[in-house]
Amino acid sequence: MDFDTITAIATALGEASISVVRVSGPSAAQVCERIVRTKSGKSVHFEGDRKVIYGQVVHPASSDVIDEGLILWMPGPHSYTAEDVVELQVHGGVQLVQNVLEAVLAAGARMAEPGEFTKRAFLNGRIDLSQAEAVMDLIRAKTDFAGKVALQQVKGRFRDEIRAMRKELIALQAHVEVTIDYPEHDVEDVACRQVLETGASLLQRIDKLIASANVGRILRDGIATAIVGRPNVGKSSLLNAMLRSDRAIVTDIPGTTRDVLEEYVNVHGIPLKLVDTAGIRETEDIVERIGVDKSRQSIEDAELVLVVLDGSVPPTAEDDAMIEDTKAVRRIFVVNKVDKGIDPAFETWLSNYSAAAVVQISAKEEMYITELENNIARVIQADVSIERDSTYMTNARQKNLLEVARTDLINAMDAADAGATLDLIAVALQSTYEELGLVIGEETGEDLLDEIFSRFCLGK
Ligand code: GDP
Ligand code: ZN
């Protein structure tokens, strides 16, 4: 395939002290030779083996020195994209990096689209589609565990499983096709039996992958967890206490802590997306009615609800309402303010709910937060009851394709069971094979590629 030379800033803007401008494509060397000089101002040639030089980046027109830093030359095919790649590691300032990028563009490269580097890696055969998608998941991974799962995919476990299944399908199909050419009756029966047998085992494997989709989603998006309770019971304090007890937090929403309604915490390696429902009411200047509706909505959307109660005072009608509102959802009663002691009337009232999971904490003093987390982990265990080293699938696109493949496979088996013609069976097997190929991008249309890679961050 013929590609042009692309460039983008490959590191998050403003975050690092070093920023990387990546250049990839057949003329990466020529482009960069126009803008890279040695420290003493001599020109540089990018050829032969990989190398690193310490040099200057200059503007191609004015020759003004923009910045200096490490310049990496990584000739294809042993680079991220499998093309010739030059990486300019310059200082982190936003403006400087922009200037370097502009110099690269002025020297003849084109601005990369989001995900285009990874797309090239895929198109050049360096990685398969599931690996490419895993790279994206890795970028967005919210916890170590989620990161590890994504990493496994980068390493291709998922792809290997799909490939193994496709191999069995080909063998099965070959068996059927051969039998079509030699249509004696008993041979046909053998072929049909084989379709049923192999089909059943493949179906199991597909089902296992489909089942792991939910796990993949949880690891990627977090378990939606609503914190509810009447005003002043300590919801915001609880959210903050959980955030503080946790080092591995990734914040998705910019803004000061006060405004944050949604945060991620890592509970035993499982990301929770915590939503302070009352925050909706407290921080936004909107009609109370809407606030209550929103709160209801987030309870409906929640996979887990933390019902916060103030244990230091007698319960109120609002507490009863909260308990009523959340009874259809999986919930934990969080009895807060135990540092102030438990009110006897509260204790009697709570004993009506003896079956519920109850944890006593003090959000303000940050006491028993670990106990709460242990409890949460127990409750959500079933959602993520996965062998941590098994093969996962992590996105909806793959899940949908697997479901189509599953239907085709069942069609093939039904046809075999009903004694249908072998041609019919062969067609269904062929579609199963193709659908599985689509999952890992081994049969794929240009539209699909664009759609997938456009979801990447710029510079990846
Ligand atoms: P929210 O309205 O439910 O979000 O409640 P806040 O988290 O804003 O807390 C309301 C008040 O209760 C604040 O003054 C907190 O300092 C206080 N508070 C929260 N948790 C505790 C606790 O565990 N013990 C005590 N003594 N006070 C708490
Ligand atoms: Zn609050």
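Count residues from 1 along the sequence. Keep in mind it's a predicted model, so treat the numbers as computed, not measured. When a ligand or atom number is given, it counts from 1 through the structure's own listing order.
Contact annotation for Asp339 and ligand 1: only side-chain heavy atoms (C-beta onward) come within less than 4.0 Å of the ligand. Contacts of Lys340 with ligand 1, taken as heavy-atom pairs under 4.0 Å, involve the side chain alone.
Residue Ser236 holds the heavy atom nearest to atom 4 (O) of ligand 1 of all those in Ala241, Ser237, Ser236, Ser312. Comparing Met367, Lys235, Glu366 against atom 3 (O) of ligand 1, the shortest heavy-atom distance belongs to Lys235.
Under the side-chain contact (heavy atoms from CB on, under 4.5 Å) criterion, Arg50 pairs with Met74, Pro75, sequence neighbours left out. Residues satisfying the side-chain contact (heavy atoms from CB on, under 4.5 Å) test with Thr407, not counting sequence neighbours, are Asn411.
Considering backbone and side-chain N/O of Ala363, one or more are found under 3.5 Å from N/O of ligand 1. Ligand 1 has an N or O atom lying under 3.5 Å from an N or O atom of Gly234, backbone or side chain.
Between the side chains of Trp349 and Asp320, at least one donor-acceptor pair of N or O atoms lies under 3.5 Å.
Using a cut-off of 4.0 Å between Lys/Arg side-chain N and Asp/Glu carboxylate O, Glu83 and Arg120 are scored as salt-bridged. A salt bridge is absent between Asp339 and Lys364: the closest approach of a Lys/Arg side-chain nitrogen to an acidic carboxylate oxygen does not fall below 4.0 angstrom.
Heavy-atom contacts of Asn232 reach the following atoms of ligand 1: 1 (P), 2 (O), 3 (O), 5 (O), 10 (C), 12 (O) (cutoff under 4.0 Å). Set against the non-hydrogen atoms of Ser362, the atoms of ligand 1 under 4.0 Å away are 22 (C), 23 (O), 24 (N).
For Phe117 and Tyr80, the ring centers are positioned 6.0 Å apart or more.
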